[in-house]
**Q** 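Right, I'll just put the structure down here and ask away after.
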Amino acid sequence: MTSEVAPAGSQIRIRMAARPTDEPHRASSQLELLFDLTFVVAIASITAQLAHSIAEGHALDGLIPFFQVFFAIWWAWMNFTWFASSYDTDDVPYRLLTMVQMAGVLVLAAGVQAAVDDGDYRAVTLGYFIMRIGLVAQWLRAGIEDRESRGTALRYAAGISIVEVGWVLRLLLAQAGMLPESSLLPIFAGLVILELAVPLWAERRRPTSWHPHHTTSPSVTGCSRSSSSERACSPRRPGSRGRSMPEA
């Protein structure tokens, strides 16, 4: 059975279905590139705080909040990119939910200084929560509209939601003084393991389709790295590019 492909051009609503992995000339949309820029803001914010800590001679004190916030940034970007590679319809609902996640990134970025300086993760957790709401809604939509991958999509939605409850509870219990400070880092590590386990669990039923050139081509110039020692460059359609983790 042939998967449906979202037609070119913006439409109000397109039925969401898995996009083929061999789709030619697959490129990121303009909205996805704007989405990447919001992550550049977040990465620049956390790296600036780490540089400030190093300059003041408190590098070790700055490393833990750096890695905690960076994980939230990196994992949210990875999850969105994986979903977009499989189900990007570029219609109005997709764009709106992507904008919700963009808003979450900016909220998270606004809370970086408080997290590093004061150990206050309220804004960071809120921003991550907003991003996860948008992503869960996307997976629920995929589960409703794509019957073949419904089980996988619903597993993603359930797994992400359950782990997000854990992040919120961690914050609320810490704020209420019900969690000793020494337990926060081990709980963080446990939740990270659960986050990483969600795709493994969800994909066991039916792997999602993903486009390698959409997710891994790192160059804006049209050159894709095929190995550490080899680079293949080919003519690129105007405005096309693959997706890689944005750099600050």
Side-chain angles (χ1 to χ4, degrees), residues 33-82 99-135 159-199 216 218-220 225 228 243-248:
L33 299 182
L34 180 61
F35 182 84
D36 283 352
L37 288 179
T38 64
F39 277 88
V40 171
V41 173
I43 293 171
S45 181
I46 187 60
T47 51
Q49 290 298 318
L50 178 61
H52 183 68
S53 298
I54 294 173
E56 291 190 341
H58 304 295
L60 292 178
D61 294 335
L63 280 177
I64 291 178
F66 171 81
F67 284 120
Q68 289 182 331
V69 176
F70 186 82
F71 173 79
I73 297 169
W74 168 74
W75 191 240
W77 182 87
M78 282 288 294
N79 282 196
F80 171 82
T81 301
W82 189 264
M99 290 179 184
V100 168
Q101 294 177 74
M102 290 167 61
V105 178
L106 297 178
V107 171
L108 185 151
V112 165
Q113 184 172 356
V116 174
D117 293 346
D118 307 318
D120 183 356
Y121 287 87
R122 287 178 295 180
V124 170
T125 304
L126 176 60
Y128 193 69
F129 177 75
I130 294 171
M131 286 189 282
R132 304 317 259 174
I133 287 178
L135 184 62
I160 292 170
S161 298
I162 291 170
V163 179
E164 184 56 36
V165 170
W167 289 116
V168 174
L169 285 176
R170 175 181 180 267
L171 174 68
L172 295 179
L173 293 175
Q175 292 289 317
M178 299 176 67
L179 285 178
E181 187 173 350
S182 60
S183 69
L184 295 180
L185 190 57
I187 292 174
F188 171 83
L191 289 170
V192 166
I193 292 173
L194 291 176
E195 288 274 18
L196 297 174
V198 169
T216 60
S219 176
V220 180
R225 295 184 182 90
S228 59
R243 292 178 60 75
S244 63
M245 185 65 184
E247 299 179 359

**Q** So Phe129 and Glu164, do their side chains get closer than 4.5 Å, heavy atoms only?
**A** yes

**Q** Considering all heavy atoms of both residues, which atom of Val163 and which atom of Leu191 are nearest to each other, and what is their separation?
**A**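 Scanning both residues completely, I find the closest heavy atoms to be CG1-O, 4.0 Å.
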
**Q** Mind checking the CD1-CG spacing from Ile64 to Leu184? Nearest 0.5 Å is all I need.
**A**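 CG of Leu184 is found 10.5 Å from CD1 of Ile64.
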
**Q** To the nearest 0.5 angstrom, please state how far the CG atom of Asp36 sits from the CE atom of Met102.
**A**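 Those atoms lie 9.5 Å apart.
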
**Q** Is a side-chain N or O of Thr81 found less than 3.5 angstrom from the main chain of Met78, in a donor-acceptor match?
**A** no

**Q** Mind checking the CE-CZ spacing from Met178 to Arg170? Nearest 0.5 Å is all I need.
**A** 15.5 Å

**Q** Pair up each side-chain donor or acceptor in residues 103-118 with any protein partner under 3.5 Å, not counting sequence neighbours, and list the distances.
**A**
residue : atom : partner : partner atom : Å
Gln113  : NE2  : Asp117  : OD2          : 3.4

**Q** I want to check something: taking the side chain as every heavy atom from C-beta on, are Leu34 and Leu37 in contact at a cut-off of under 4.5 Å?
**A** yes

**Q** Taking Thr125 for the side chain and Arg122 for the main chain, is one N or O donor matched with an acceptor at less than 3.5 Å?
**A** no

**Q** Rounded to the nearest 0.5 Å, what separation is found between the CG atom of Asp61 and the CD1 atom of Ile54?
**A** 11.5 Å

**Q** Could you check whether any side-chain heavy atom of Leu50 comes within less than 4.5 Å of a side-chain heavy atom of Ile46, counting everything from C-beta outward?
**A**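 No, their side chains stay 4.5 Å or more apart.
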
**Q** Taking side-chain hydrogen bond (donor to acceptor under 3.5 Å, both in side chains) as the cut-off, I'd like each qualifying pair that reaches into residues 178-196, sequence neighbours left out, listed once.
**A**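 As it turns out, the side-chain hydrogen bond (donor to acceptor under 3.5 Å, both in side chains) pairs with a partner in residues 178-196, which skip direct neighbours, are Trp75-Glu195, Tyr128-Glu195, Arg132-Glu195, Trp167-Glu195.
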
**Q** For residues 102-124, pull every pair meeting ring-ring contact (aromatic ring centres under 6.0 Å, His included), keeping only residues two or more places apart or in separate chains.
**A** none

**Q** Would you say the ring centers of Phe39 and Phe35 fall short of 6.0 Å from each other?
**A** yes

**Q** Go through the steps for Thr47 and Phe70 under the test side-chain contact (heavy atoms from CB on, under 4.5 Å), then give the verdict.
**A** CA-CA 9 Å; Thr47 51; Phe70 186 82; 6.0 Å; no

